[in-house]
Amino acid sequence: LSFEVKDRAAAGRIGRLETRHGTVTTPTLLPVINPNLPTVPPADMKRLFGAEMVITNSYILRKSDALRERALREGVHKTIGWDGPVMTDSGTFQSYFYKKPIEVSPLEIVEFQKKIGVDVGTILDVFTTPEKTREEAVAELDETMRRAKEAVAAKNGMMLAATVQGGVHVDVREQAARAIGALDVDVVPIGGVVPLMEQARYADLARVILASKRHLPSGKPVHLFGAGHPLVFPLAAALGCDLFDSASYAKFAKDGRMILPNGTRSLDEVEELGCICPECDRWKNAAELRRAAPAERESALARHNLHVSFGEIRRIRQAIRDGALWELVEERAAQNPALLDALVALRGENEVTWLERLEPTSGARAFQYRGAHSMHRPGIRRLHNRLVERWRPRSKTCIVLPERPKPYAEGYAAYLDAFMRTGHDFVVDTPMGPIPLELERLYPVAQSVFPETLDADARLVREAYSARFFHHFDGCDVLPADLAEYEALAPELCSLTPDAFEQRRMASLADYQYGPGAAAGLLAGQVTFKRSPGTGGVRNVFADGVHVASLRARDGLLSLRIEGARRLVAALPSPRARIRLDDEPASFVRDGKNVMAKFVVAADSQLRPGDDAAVVDSKDAVVGVGRCQLSGWEMPQFQRGIGAKNTEHAKDD
Ligand code: GUN
Ligand code: ZN
């Protein structure tokens, strides 16, 4: 298998899919090439739009004598005029669309794809429509599975796509995903979803994608079959779809329609083109394009549609790199009510739990509030759950501080020393709810942008969390801060955050990141700091004189030093805070090499992309520190790529 993940955000990823005709960066869009009448020449697909891979139809190629002969003689690449990676579909869609079985056997169509040299061939799955009952969906899935197994046995070097079907029945989708995921297939499409997209049933679409993804191995690239409108790309990418295919650009152009990131418009309805793509730039206004010759108009619309579609793909990739994919999804949902329903479908306990398991620890950019869904993001759920489950009060008195400009500890700098001497707990009342003052720099608390006025939904989420958080102080006092009380104790502004506060910060951080017992292990002994000469902020954390951790300025989290990793391993039962390797791959890590995902024997299922973990050998000896690129639980599901980057290794230590 030749798929690896390079970067992540939400449940989405930047991947590299390797084929015999080149490597593709995902998420990407495969424009559909109609071998009979290409609206846009394949050569332009690469040059003008940046297409990296195309999809065409082996059933259509096989049906025409001329195309079949040529494809068999010269191969599919020459036949369609594209020398990059080619995927082919199988005729499933035609048999759905024309409501009759196609006149080729499932095995014959796989053999044909192999003979014409496609890079990724597709099985002839049974297209299960949304109207099908559960029993019908199960029966059709049985047939799809029979064909999938037959195709796997015949694939012989060709990369194979085997489709997850199951209609809208979540448990049948799950069963399909488990069964397909267990086969030796290279790409997993999610099929049968075209009617859902045509009817704008995006909540059902989201449920179907999630049910499938939840039970597929993370290491397989997932294709959303027939997803050609950019409207669904951000949501589908955020749920972990890697490949899309589009005939929409051509179909809409034929109907005189313009694709826009949030919908479509008929050219007849508009006076302004309202688009800045190079194609629209050629025309003064809509009327001028309407007056163009039909073939020229269709071609112009198809090109515009491709510009908009690939523009959205590039936006998604950058949003993944920025850690801002939820922002993009919410922006699009704000422009389309049916997409908003899809976001609501992602708020269930099961859904958020799965999304949280993939959500990176922090993003390159601040958490940006976008609307009523923002507080439902999995990163907020994690923050809330960890502060309820992992944070420990040190006193029986909680003082609630009003919000001040961030970072909060700076806003309260004059009081910190006095606060610490009271022995009380201090929390700040933030838009995300009560946050212990010492955790104020943690992503996304400090790195967030909220409006002054929160929407009702966000307030509900905050209230619900707040009630859970204050259980920490059941039977204790929770009091609003009377700062005058501390004035006497805090006569002067401290230029340095006091050590007592930093010690509290490190202890709370260690437990927040690695769970109960972590602080006691990592920070046992006398805790001291090395501070930045410029800002006075803590850089390095020492326990009994040993450098155990550093404070990351970017996200306010602890990064582990190797001695810190050793202390965690000694304090926490396996597999907590660990990535375990066999001894041979472990010896490479000891020498400074990265942790390759395929060598991971076991890893703490709580580790998230961005977390530091102790890398251990079979005897639980620490050989290095790895910064996770993948969640711990999914590492063993990858055959390619880096599971964790080596940040510290035992050899020179
Ligand atoms: N194209 C659009 N939907 C589907 C599907 O479910 N299966 C296949 N093979 N192709 C499709
Ligand atoms: Zn345009």
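Keep in mind that this is a model prediction, so the values were computed, not measured. As the structure lists them, so they are numbered: ligands from 1, and atoms in each ligand from 1.
Close approach of ligand 1 to T92 (heavy-atom distance below 4.0 Å) involves ligand atoms 7 (N), 8 (C), 9 (N). Interface of Q165 with ligand 1, defined as ligand atoms under 4.0 Å from a residue heavy atom, comprises 5 (C), 6 (O), 7 (N). Taking a cut-off of under 4.0 Å to the non-hydrogen atoms of V194, the atoms of ligand 1 that pass are 2 (C), 3 (N).
At a threshold of 4.0 Å, the pair R13-D242 counts as salt-bridged, since one of the basic side-chain nitrogens sits closer than that to a carboxylate oxygen. Salt-bridge formation is detected for the pair R370/E331: a Lys NZ or Arg NE/NH1/NH2 atom is positioned less than 4.0 Å from an Asp or Glu carboxylate oxygen. Salt bridge absent: R147 and E150 never bring a charged side-chain N and a carboxylate O closer than 4.0 Å. A salt bridge links E327 and R377; the closest N-O separation between the charged side-chain nitrogens and carboxylate oxygens is under 4.0 Å.
Here the OG1-CE distance, from T23 to M53, works out to 11.0 Å after rounding to the nearest 0.5 Å.
The protein non-hydrogen atom at the shortest distance from atom 6 (O) of ligand 1 is G192 N, 2.8 Å. Nearest non-hydrogen protein atom to atom 10 (N) of ligand 1 is D89 OD2, 2.6 Å. Protein heavy atom at the shortest distance from atom 3 (N) of ligand 1 is F127 CE1, 3.3 Å. Scanning the protein heavy atoms around atom 2 (C) of ligand 1, the nearest turns out to be F93 CD1, 3.4 Å.
Taking 2.8 Å as the threshold, C280 counts as a candidate ligand of the Zn ion (ligand 2), since one of its N, O or S atoms lies below it.
Here the angle at the Zn ion (ligand 2) defined by SG in C275 and SG in C277 stands at 110°, rounded to 10 degrees.
Side-chain contact annotation: T28 with E52, donor-acceptor N/O pair under 3.5 Å absent. There is no side-chain donor-acceptor pair under 3.5 Å between T39 and E298. A side-chain donor from one of H373 and R347 sits under 3.5 Å from a side-chain acceptor of the other.
As for H304, its N/O/S atom nearest the Zn ion (ligand 2) is the one called ND1.
Residue D125 touches ligand 1 through its side chain alone, judged by heavy-atom distances below 4.0 Å.
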